[in-house]
> 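Once you've had a glance at the structure underneath, I'll fire off some questions.
Predicted model only: the values in this text are computed from it and were never measured.
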There are 2 protein chains.
Amino acid sequence: MPYRYDYPRPALTVDCVVFGLDDKDLKVLLIERTSDPFAGRWALPGGFVEMDESLDAAARRELREEAGLEEVFLEQLYTFGAVDRDPRGRVVTVAYYALVNTVEHPLRAASDARAAAWFPVLSPPALAFDHAEILRVAHQRLRGKVSYQPIGFELLPERFTLSQLQQLYETILERRLDKRNFRRKVLSLGFLEETAHTQRDVSHRAARLYRFNEAKYRRLVEKGFLFELI
Amino acid sequence: MPYRYDYPRPALTVDCVVFGLDDKDLKVLLIERTSDPFAGRWALPGGFVEMDESLDAAARRELREEAGLEEVFLEQLYTFGAVDRDPRGRVVTVAYYALVNTVEHPLRAASDARAAAWFPVLSPPALAFDHAEILRVAHQRLRGKVSYQPIGFELLPERFTLSQLQQLYETILERRLDKRNFRRKVLSLGFLEETAHTQRDVSHRAARLYRFNEAKYRRLVEKGFLFELI
DNA sequence: CCAAAAGTGTTCTCCATACACCCATGC
DNA sequence: GCATGGGTGTATGGAGAACACTTTTGG
C-alpha cells in the first residue's frame with residue numbers, strides 16, 4: 001500500500017454507549033449538546049482521538065471527562081464510517097459500549113457543566129448524528145452477548161441477590177424467566193459464591209447476597225468450559 | 001465535543017482478512033509487500049480510506065484492486081488503534097474479514113503486479129505490522145460465528161455435498177463430527193435444498209448436491225427461529 | 001396476622017450423542 | 001471384485017421447561 005501522509009484524512013472520534021440499570025429499567029447515558037450542529041439535542045458521550053492515545057484510552061478518557069466514570073466494563077462495539085454521518089465533514093467514529101452499576105458509579109457532572117442524564121434505552125429522546133443507530137447496535141450486542149458471557153454482573157453492585165440478577169436478565173432479554181429454573185441454572189455454572197450477608201431494610205424475608213467470582217470463572221473458561229445462560 | 005478540523009489526525013486504513021477453503025485447509029489471502037517498512041514480508045490486503053467512500057466501500061475496493069475479488073461476503077471485524085502499530089506514525093485500521101469460495105472466485109494478480117497467495121491459517125508466514133494479531137482475532141471470530149450463523153456456505157461453491165459442508169465445519173472448528181448426526185441436524189434446520197444434480201467424476205458413489213436457500217433462511221429468522229449448528 | 005418476596009423438587013419432553021452396516025460407482 | 005466414500009436408524013442420557021407451595025420477615 002502506498003503511504004500518503006499528505007493526503008486528506010477523515011477525523012476520528014470515539015463514542016460510548018453507557019448502559020446502566022435503574023430499578024428495573026435499562027438506561028443509557030446521554031449528554032446534552034450545547035453547540036451546533038444538533039445544539040440542544042442529546043448525544044452519546046464521545047470525542048476526538050488524540051495522536052498519542054489508543055482507541056480504548058480515548059474512550060476511557062471521554063467517560064472520565066464527560067461523566068466522571070472510571071474503571072467500568074468497556075468493549076469496542078463497531079466502527080461507523082458513512083460518508084455523510086456528520087454534517088460538518090468526514091468523521092469516522094469507533095463506538096464502544098460500557099456497563100456500569102449506577103449505585104457504585106454515580107454520575108459526576110461534566111467538567112464543562114454540560115448536562116448528563118440517564119434515559120430509557122427503549123424510548124430515548126431524539127439523538128444527534130447517527131447515534132440512534134449506534135445505540136440500536138449496542139443494545140442488540142448487549143442482548144446477544146449477555147447469554148453467553150458473564151457481563152451482566154457489571155450492571156449490578158458487587159453483592160446482589162439472585163432475584164436482582166434474574167430481573168436484570170428479564171430486562172435485557174425482554175422476557176420473563178422461571179425463578180426455579182433460573183436459580184438452578186445460574187448456580188450450577190459454578191462461578192457465583194454465596195456471601196455471609198443478606199439484604200437489609202426490606203419488609204419481607206431478606207435474600208442471600210451473592211458475588212461473581214471472576215477467578216473461578218476464568219478457571220472454568222481455561223478448562224474449556226463454555227457457559228450458556230438462558 | 002469541540003470540533004477541531006485543524007488538529008492532527010491519525011491516518012485511517014482498512015485491512016481485510018480473506019478466508020478461503022482449499023481442499024481441506026483453511027487459507028488466508030496475503031499480499032507481499034514491496035517497500036519498507038516490512039519490505040518482502042507478507043501482509044493483509046488493505047489500504048487508505050478515501051474521503052468520499054464508506055469503510056465498507058474502502059474494504060471492497062481494496063479486495064478488488066489487490067486480488068480481483070468482487071461480491072464476496074464481507075463483515076467488519078474490529079478496529080485496531082494501538083499508538084505504535086505502524087512504525088511510520090499513527091495509523092488506525094478498521095479490519096474486515098471476508099469469506100470466498102476459491103472455485104468461483106479465483107485470484108487475479110494485483111494491478112501493480114505484487115504477489116498475492118493463499119497461506120494456511122494455522123501456520124502463516126511472518127506478517128507485517130500487527131497483522132498476525134488481526135488474523136488471530138479474525139480466525140477466532142470465524143470459529144465463534146460459524147456455529148450460529150450460516151456463513152460457512154460462503155466458503156463453498158453454490159452447490160455442495162453434505163460431506164463437503166461437514167469437512168468445512170470440521171476444519172473451522174478443528175474437531176471431528178459424527179456424519180449421521182451432522183446430516184440430520186443440518187437438514188432439519190430447513191434452509192438447505194436438494195438440487196437435481198450429483199457429483200461428477202468421482203470414483204465412488206456420487207453424492208447429492210445441495211444449495212443454501214437464503215430466502216428460506218431469512219423467513220425462518222423472521223419467525224424468530226434461532227439456529228445453532230453443532 | 002397479613003403482605004411480600006425468598007426459597008425449594010419433580011416430572012416430562014426433546015435433543016445431542018454414540019454407534020455400524022449396506023449401497024452405488026469407477027477402475 | 002475391490003476400494004472409496006455415500007447414505008441411513010435407534011437407543012440412551014441429560015438438560016430445559018413447566019409447574020405450586022411453604023418460609024421468613026417487617027409492619
Side-chain angles (χ1 to χ4, degrees), chain A residues 21 23-24 146-148 150 156-157 159-171 173-211 220 223-230, chain B residues 21 23-24 146-148 150 156-157 159-171 173-211 220 223-230:
Chain A
L21 209 61
D23 255 332
K24 303 187 181 180
V146 84
S147 290
Y148 64 93
L156 293 177
R159 291 171 192 177
F160 50 84
T161 69
L162 294 184
S163 290
Q164 281 180 295
L165 188 62
Q166 180 176 345
Q167 268 173 27
L168 180 153
Y169 275 88
E170 291 181 341
T171 299
L173 299 175
E174 292 172 74
R175 66 193 179 92
R176 301 299 316 265
L177 301 172
D178 179 86
K179 181 163 63 161
R180 279 171 291 190
N181 293 336
F182 179 83
R183 291 169 164 256
R184 181 175 33 247
K185 181 68 205 253
V186 78
L187 289 176
S188 77
L189 295 173
F191 49 68
L192 284 195
E193 63 181 25
E194 278 191 2
T195 70
H197 304 78
T198 54
Q199 273 182 320
R200 301 195 147 244
D201 303 320
V202 286
S203 73
H204 53 77
R205 176 172 173 179
R208 159 144 281 130
L209 294 172
Y210 289 80
R211 182 194 291 143
L220 288 169
K223 282 189 199 155
F225 171 78
L226 273 182
F227 91 83
E228 210 170 323
L229 182 54
I230 305 148
Chain B
L21 209 62
D23 255 331
K24 302 186 181 181
V146 84
S147 291
Y148 65 94
L156 293 176
R159 290 169 193 179
F160 50 85
T161 69
L162 294 184
S163 289
Q164 282 180 294
L165 188 62
Q166 181 177 344
Q167 269 172 27
L168 179 153
Y169 275 87
E170 291 182 340
T171 298
L173 299 176
E174 293 172 74
R175 64 191 181 97
R176 300 300 315 268
L177 302 171
D178 179 86
K179 181 162 64 161
R180 279 171 291 191
N181 294 337
F182 179 84
R183 295 162 91 90
R184 181 176 33 246
K185 180 69 205 248
V186 78
L187 289 176
S188 78
L189 295 174
F191 49 69
L192 285 194
E193 63 182 24
E194 278 192 3
T195 69
H197 304 77
T198 55
Q199 272 183 318
R200 302 195 146 243
D201 303 318
V202 286
S203 74
H204 54 76
R205 177 169 171 181
R208 162 142 280 130
L209 294 173
Y210 289 80
R211 183 193 292 143
L220 288 170
K223 280 188 201 154
F225 171 78
L226 272 184
F227 91 82
E228 207 171 323
L229 182 54
I230 305 149

> Find the distance A/R208:CZ to C/dA5:C1' and express it as a whole number of Å.
16 Å
> Do you know the tightest heavy-atom contact between B/R175 and B/I230?
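Scanning both residues, the minimum pair turns out to be NH2-CG2, 2.8 Å.
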> So, taking the atom named CG in A/L209 and the one named CD in A/E194, what distance separates them when rounded to the nearest 0.5 Å?
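Going from CG on A/L209 over to CD on A/E194, the span is 10.5 Å.
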> Expressed as a whole number of angstroms, how long is the span from A/F182:CZ to D/dC19:P?
20 Å
> C/dC19, D/dG27, C/dT25: which one has an atom nearest the side-chain heavy atoms of B/R180?
C/dC19
> Measure the distance from CZ on B/R176 to C1' on D/dG5 and round it to the nearest whole Å.
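Going from B/R176 (CZ) to D/dG5 (C1'), I get 13 Å.
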> Return the value, rounded to whole Å, for the distance between atom CD1 of A/I230 and atom P of D/dA15.
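One finds 17 Å between P of D/dA15 and CD1 of A/I230, rounded.
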> Is there a donor-acceptor contact under 3.5 Å from the side chain of A/K179 to the main chain of A/Q166?
no
> For C/dA6, does OP1 or OP2 lie under 4.0 Å from any side-chain N or O of A/S163?
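So the side-chain polar atoms of A/S163 do come within 4.0 Å of the phosphate oxygens OP1 or OP2 of C/dA6, strictly under.
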> Which one of A/F225, A/Y210, A/F227 satisfies the ring-ring contact (aromatic ring centres under 6.0 Å, His included) criterion with A/F191?
A/F227
> With DNA chain C as reference, determine whether B/H204 or A/H204 sits nearer its 5' end, using the nearest nucleotide of each.
A/H204
> Give the nucleotide from the list C/dC23, D/dG9, C/dG7 with an atom nearest to the side chain of B/R184.
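Of the options given, the side chain of B/R184 lies nearest D/dG9.
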> Send over the distance from B/E228 CD to D/dG16 C1', rounded to a whole Å.
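It works out to 13 Å between those atoms.
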> CZ of B/R200 versus C1' of C/dG26: gap in Å, rounded?
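These atoms are roughly 15 Å apart.
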> Check every atom of C/dC19, D/dC19, C/dA5 against the side chain of B/D178 and return the nucleotide holding the closest atom.
C/dC19
> What is the distance, to the nearest angstrom, from the CG atom on A/L177 to the P atom on D/dA18?
11 Å
> Starting from P on C/dA5, measure out to CG on A/L209 and report it in whole angstrom.
17 Å
> What contact category does B/K179 fall into here, base, sugar-phosphate, or nothing, at under 4.0 angstrom with non-hydrogen atoms?
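Counting heavy atoms under 4.0 Å across all strands, the contact made by B/K179 includes a base.
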> Donor-acceptor pair, A/Q199 side chain versus A/A207 backbone, under 3.5 Å?
yes
> Given that A/R205 and A/N181 both sit by DNA chain D, which one's nearest nucleotide is further toward the 5' end?
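Nearest nucleotide further toward 5': that of A/N181.
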> When all nucleic acid strands are considered with a 4.0 Å heavy-atom cut-off, which category describes B/R183: base, sugar-phosphate, or nothing?
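Touches a base.
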